[in-house]
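If you're wondering where the values come from, they're calculated on a predicted model, not measured in any experiment. One-based numbering, in listed order, for ligands and for the atoms of each.
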Amino acid sequence: MAEPEVFMISTHFKCRGGTYPRSNIQRFLVPDDKISWSTQYNDYKPPNYTEPALNGKPWADPDLGDSTFKPKWNNIDGKISRKSYMGDYHIVNGYPLNPIGRTGLCGRGILGRWGPNHAADPVVTRWKRLNSGEIVLDNTNKPILQFVAIKRGDTGEWALPGGMVDPGEKVTTTAVREFQEEAINALVMSKEEREEWTNKFEKFFSEGEVVYEGYVDDRRNTDNAWMETIAYNFHDEKGSIVGALNLHAGDDAVGVRWVDATPDMSLYASHDSILKEVVKRHLGIGKS
Ligand code: RP5
């Protein structure tokens, strides 16, 4: 039997060029053919930037110059995973190297961890239907897949309602917790309401399928710190479960809605590539 095709992100665009988020630091120019560390780029002199406010934050690493900080690169380090889905990354002069290549900025930027910063992304999907329950078809007669998107408060872009994995947290737990916080606004629910919600959707959210694990082309990435994620698809084939979801933007999200998954959609970071993979799995688009 043929192995399933593995979907991978193998280059980056969004974390090259331009101004680094929440700063006025300009990234050093990295042409397409100079991304790879194995290509010589003698003139490469990226600025070094680590947001000073990260200092002392409980969720952030200390500075790499701190002699008490001894990270276990490429390993599980206490409750923190410093392993990359991309395989072992290199350490050069004590600094972890972005597995995709140059970004035009060294340091940690505004990311909490040196090396991989792990997130989880829930992709909650259903078929678009009329009030009568009939599935809506597009102009090629294919059913339209819809997913829950949030509008990010920081960039204003539409995105999957994902978030960072807390130390020691199971990644599946992160995906559901972030969905609750950003798309349901569970942070304002009472403990009882949250328990009721969890019981109601427990089965649905225990049956997620991994659709992607790996690097994310996130504008916060640097040469020494980068985002990685696991994306889970929670699909409601009959549309009988998610109707009761009651979407309300919460936490870092300023909007939430069901969005048609179209080939030209543009989402935060690598979320459009993840969505395309989900569409492909449900509709067979791209399969021979
Ligand atoms: C993206 O950033 C991940 O795919 C995830 O959606 C998100 C996590 O960062 P925050 O939303 O917590 O800022 O790279």
- SB check Arg177 Glu181 (cutoff 4.0 Å): yes
- Do Arg281 and Glu209 sit within salt-bridge range, that is, some charged N less than 4.0 Å from a carboxylate O? yes
Output yes when the distance from some N or O of ligand 1 to some N or O of [X] is under 3.5 Å, and no in every other case.
{"X": "Asp154", "answer": "no"}
{"X": "Asp218", "answer": "yes"}
{"X": "Tyr268", "answer": "no"}

- Walk me through it: do Lys128 and Leu137 pass the test side chain to side chain contact (heavy atoms under 4.5 Å, CB included)? CA-CA 8 Å; Lys128 186 173 189 172; Leu137 303 181; over 6 Å; no
- Ligand-residue contact atoms, ligand 1 with Val216, heavy atoms, under 4.0 Å: 14 (O)
- Query: Can you list the ligand 1 atoms lying under 4.0 Å from a non-hydrogen atom of Arg152?
  - Reply: 7 (C), 10 (P), 11 (O), 13 (O)
- Consider only side-chain heavy atoms of I, L, V, M, F, W and Y, link residues closer than 4.5 Å, and tell whether Leu105 and Val30 are in one cluster. no
- Verify the cluster assignment for Phe69 and Leu54: are they in a single hydrophobic cluster under the rule of side-chain heavy atoms below 4.5 Å apart? no
- Query: Quick one: which of Asp218, Asp217, Asp32 gives a salt bridge (Lys or Arg N to Asp or Glu O under 4.0 Å) with Arg16?
  - Reply: Asp32
- Query: Of all the heavy atoms in Gly163, does at least one lie under 4.0 Å from an atom in ligand 1?
  - Reply: yes
- Query: Relative to atom 2 (O) of ligand 1, which among Arg220, Lys14, Met164 owns the nearest non-hydrogen atom?
  - Reply: Arg220
- Can you tell me which residue and heavy atom of the protein come closest to atom 6 (O) of ligand 1, and the distance to 0.1 Å? Asp121 OD1, 2.6 Å
